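Data block below; observations after.
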Amino acid sequence: EERLKVLGSLIPALAHEFNNPLCGVDNVLERMRRRPDLSDAERQLLQLAREQCGRMQQLLKAVQEFAFSPFPHETTFDLHQALAAVQLLGQKQLQRHGIALRSIHQPTPLMVHGTGSQIKLMLLHLLQSCCRFLPLSGCMITMDTSSDETWARIVLCFQVADESTAALAHCLAAVVHADTS
């Protein structure tokens with residue numbers, strides 16, 4: 001537990017240290033892409049590399065934002081942005097366990113008042129529980145939102161094979177009864 005606390009305290013600094021060289025690599029790639037003597041194939045490869053740099057920068061930003069909010073406080077935030085950050089943070093672990101996660105909510109902002117860090121933490125805990133309790137592969141999680149004038153909802157739809165329904169019930173029970181202290 002102590003090792004995890006120390007590692008957790010290092011995450012913001014490590015993310016910052018990774019981000020600096022990544023920005024440098026991205027700048028070099030952009031300069032190379034502007035050269036007039038490049039073929040279309042070379043230009044396209046450089047663009048793909050820049051897109052991966054951008055994806056990594058977004059991931060590092062999501063890690064930093066998640067790590068820098070130690071005390072939950074209520075604010076007005078974009079729920080869709082929070083869900084995108086959770087998806088980005090959990091995507092690789094889910095892929096390794098054969099669990100597909102897709103978002104179908106609208107790209108327009110859904111501004112809500114609440115504790116964004118707690119929502120992210122709860123959803124990340126749910127995704128980790130899915131990886132721990134569900135059998136490898138075959139699960140599809142669809143994430144959507146709905147809202148009216150007084151409520152905003154995160155709607156999760158789990159599609160699992162019939163033989164995995166007991167494992168899904170166990171997974172959800174583990175999340176509901178988790179110690180959040």
Side-chain angles (χ1 to χ4, degrees), residues 7-8 10-69 75-112 116-117 119-132 134-147 152 154-161 164:
L7 183 59
L10 292 174
I11 286 175
L14 290 173
H16 181 73
E17 288 301 315
F18 288 144
N19 197 43
N20 284 343
L22 193 56
C23 286
V25 169
D26 188 44
N27 287 333
V28 169
L29 291 170
E30 174 57 21
R31 288 177 118 186
M32 290 175 66
R33 193 179 67 82
R34 291 181 185 174
R35 291 180 55 192
D37 59 336
L38 291 177
S39 70
D40 286 342
E42 291 171 321
R43 199 175 311 282
Q44 186 177 14
L45 283 174
L46 288 170
Q47 182 59 35
L48 288 173
R50 287 200 69 225
E51 288 171 8
Q52 289 303 309
C53 284
R55 186 181 68 80
M56 290 305 301
Q57 286 170 324
Q58 288 176 343
L59 179 60
L60 288 170
K61 181 181 176 188
V63 167
Q64 285 177 312
E65 287 174 356
F66 188 71
F68 276 136
S69 51
T75 60
T76 299
F77 65 96
D78 181 1
L79 183 61
H80 291 158
Q81 247 181 6
L83 296 179
V86 167
Q87 188 170 6
L88 193 59
L89 290 170
Q91 192 68 41
K92 187 54 87 175
Q93 185 179 17
L94 292 171
Q95 284 176 348
R96 275 188 253 149
H97 285 84
I99 299 172
L101 173 64
R102 69 182 179 124
S103 294
I104 60 171
H105 55 77
Q106 297 297 317
T108 56
L110 177 57
M111 302 309 289
V112 297
S117 62
I119 289 172
K120 289 179 188 177
L121 184 60
M122 184 269 309
L123 287 171
L124 284 169
H125 180 64
L126 174 65
L127 296 178
Q128 286 180 336
S129 294
C130 289
C131 292
R132 214 175 34 226
L134 294 179
L136 287 177
S137 74
C139 178
M140 165 70 86
I141 304 171
T142 305
M143 191 165 42
D144 195 2
T145 58
S146 67
S147 64
I154 301 170
V155 181
L156 299 169
C157 177
F158 293 84
Q159 295 173 326
V160 296
S164 300

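Keep in mind the model is a prediction, meaning the values are calculated, not measured. Sequential numbering from 1 along the given sequence is applied to the chain's residues. What you see below is based on every heavy atom in this structure, not just the backbone, and it leaves out hydrogens, waters and symmetry mates.
The nearest pair of heavy atoms linking V25 to C53 is CG1-SG, 4.0 Å.
Side chain of H97 to backbone of R132: no donor-acceptor contact under 3.5 angstrom is found.
Between the OG atom in S147 and the CD1 atom in I154 there is a gap of 12.0 Å [rounded to 0.5 Å]. For the atom pair R33 CZ and L38 CG, the distance stands at 9.5 Å (nearest 0.5 Å). Note: I99 CD1 to C131 SG = 4.5 Å, rounded to the nearest 0.5 Å. The CG atom of L46 sits 6.0 Å away from the CG atom of L29 when rounded to the nearest 0.5 Å. Annotation: the span from R43 atom CZ to D37 atom CG amounts to 8.5 Å, rounded to 0.5 Å. Here CG of L124 is found 11.5 Å from CD of Q87. Values are rounded to the nearest 0.5 Å.
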Passes side chain to side chain contact (heavy atoms under 4.5 Å, CB included), L156 versus L126? Steps please.
-> CA-CA 11 Å; L156 299 169; L126 174 65; 3.2 Å; yes

Going through the checks in order, is the side chain to side chain contact (heavy atoms under 4.5 Å, CB included) test met by Q93 and L127?
-> CA-CA 9 Å; Q93 185 179 17; L127 296 178; over 6 Å; no

Take Q52 and R55 through the side-chain hydrogen bond (donor to acceptor under 3.5 Å, both in side chains) test and state the conclusion after the steps.
-> CA-CA 5 Å; Q52 289 303 309; R55 186 181 68 80; 3.0 Å; yes

Starting from the C-alpha separation in whole Å, work towards a yes-or-no answer on side chain to side chain contact (heavy atoms under 4.5 Å, CB included) for L110 and H105.
-> CA-CA 10 Å; L110 177 57; H105 55 77; over 6 Å; no

Could you walk me through whether Q58 and K61 pass the side chain to side chain contact (heavy atoms under 4.5 Å, CB included) check?
-> CA-CA 5 Å; Q58 288 176 343; K61 181 181 176 188; 5.5 Å; no

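For the pair P109 and Q81, the minimum side-chain heavy-atom distance is 4.5 Å or more.
The side chain to side chain contact (heavy atoms under 4.5 Å, CB included) test with T145 is passed by exactly one of L79, V155, V112: L79.
Judged as a salt bridge (Lys or Arg N to Asp or Glu O under 4.0 Å), the pairs with a partner in residues 17-27 (not counting sequence neighbours) are, in order, D26-R50.
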